[in-house]
Amino acid sequence: MREEDFLAHRRISKENIMDIISIIEKKKYGKLLTDKEIDFFIQGYSRGEIPDYQMSALLMAIWFKGMTPEETSNLTLSMVKSGKVIDLSRIEGTKVDKHSSGGVADTVTLPLVALVSANGVPVAKMSGRGLGHTGGTIDKLESIPDLNVEINIEDFIEIVNRVKGAIISQSDELVIADKKIYALRDVTGTVDSIPLIASSIMSKKIASGSDAIVLDVKYGNGAFMRDLHDAIELSRTMVTIGNSLGKETVAYITDMNQPLGDVIGNAIEVREAIDILKGSGSKRLIEIIKILGAECLKLGHRVRTREEGVFLIESSIKDGSGLRKFREIVEAQNGDGRIVENYSLLPQAKYQFSVISPFEGYISGMSTREIGELANFLGAGRTKKEDKIDLSVGIILPVKIGDRIKSNQTIATILSNDREKGEEASKRLIDLIEISEKKVESPPLIYYRVSKEGIEKLY
Ligand code: URA
């Protein structure tokens, strides 16, 4: 049926514009939705008045037809309105938040919060749990014995004022629409849509009350954005939304064509975070922490240039102040601070299986998403929301694209509590790592910086 006939048939008019089906059909034909229509749908769905099947239809229409920046901004604001907004005004200084769009071995947040706080910029961080193949900061933190991530806002503010940093689980009362919509997107093939990702991330950032936002937009085969142009578009959209709402927002587009750090899991990522603060750990991970940390110090008005910021972050690793701050944050949240010296206090897996290179050559590619899924298969992440995760399991994968490896070299280690699963994972992992005879260059780590001034190429 032609669109005009269809609209005539349904007699869509201004009077019945709030009709749920009309809104779905408007988007299906690529028409613009007004702020009122978007808000009607989002609030109706959040209150349970619009069923999942109609929301799913709208999400799929948005997936195919997209949204203008204005529609995406209205969608974001409407999502913010669906829940509480945190007031952090009692925290002194410019509060800076950092957010990753989701990756594998993305152990940036833990050391970064400590390093930025150690330099006096307050970080009141609300984080989430793992989503799909990507890990979540809150799950990682929960491997620290006794650490509390469910802290009420009053105590959270007190800790940030006293210690300068805290990381808690995002309250269920924030952005109620996102929780419901994300769960639906996960099962309707509508996660990878720019307006839907932008509104999901930015609504949470706006509701959680910080003054400035540094976004780490992952691009590559382990990210939600597998295309560099889409990653640029997503970054621009989020930077525009943040700045238009008075929150200085900068995005970095960084590589996720291989796991970022050297380990994938929960307790082992905490361990890698501490290694970073001690001056060792994955080189690529340290590099990103320095760049994003420096940007946080700049947006927090601690430094004037990013170069000065990098210098301060490096100094806080060298002089141990970042590590001391990490321990202080852990202890302020009731966690066992001795983990920074004694890794055996973290959950340990029973079995280890080595993954041996079948021949010599160069690592030329990695199936990053599948590697994240393999860690989940071991128990490091969830397949269903209710799943309980095993904090001790994971994958140690210190090789990177471009590395030369010998035949029979151990290129990875599987940590498992189940012998059969561990053996199976070690066999499956080898198929997820490409080895080539030809020399391969290491891919760039940081592609672009996107800010209100424009886009800057960094590779
Ligand atoms: N992270 C989010 O919070 N939302 C998305 O849609 C994707 C990544």
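Atoms within each ligand, like the ligands themselves, are counted from 1 in listed order.
Of all the atoms in ligand 1, the ones that sit under 4.0 Å from a non-hydrogen atom of S101 are 8 (C). Within ligand 1, counting atoms from 1 as listed, the ones closer than 4.0 Å to a heavy atom of K204 are 2 (C), 3 (O), 4 (N).
In this model, a donor atom of one side chain and an acceptor atom of the other lie less than 3.5 Å apart for S89 and D87.
What sits closest to atom 1 (N) of ligand 1 on the protein, heavy atoms only, is I201 CG1, 3.8 Å. Counting protein heavy atoms only, atom 4 (N) of ligand 1 is closest to S200 OG, 2.7 Å.
Residue H99 has no nitrogen or oxygen atom sitting less than 3.5 Å from a nitrogen or oxygen atom of ligand 1, judged on distance alone.
By the neighbour-count criterion of 12 heavy atoms within 6.0 Å, atom OH of Y343 is densely surrounded, having more than that number from other residues, nucleotides or ligands. The environment of K278 atom NZ is dense: over 12 non-hydrogen atoms of other residues, nucleotides or ligands sit within 6.0 angstrom.
In this structure a side-chain-to-backbone donor-acceptor pair under 3.5 Å is missing from S316 to E314.
Salt-bridge annotation for E287 and K283: absent, with no side-chain N of the basic residue lying under 4.0 Å from a carboxylate O of the acidic one.
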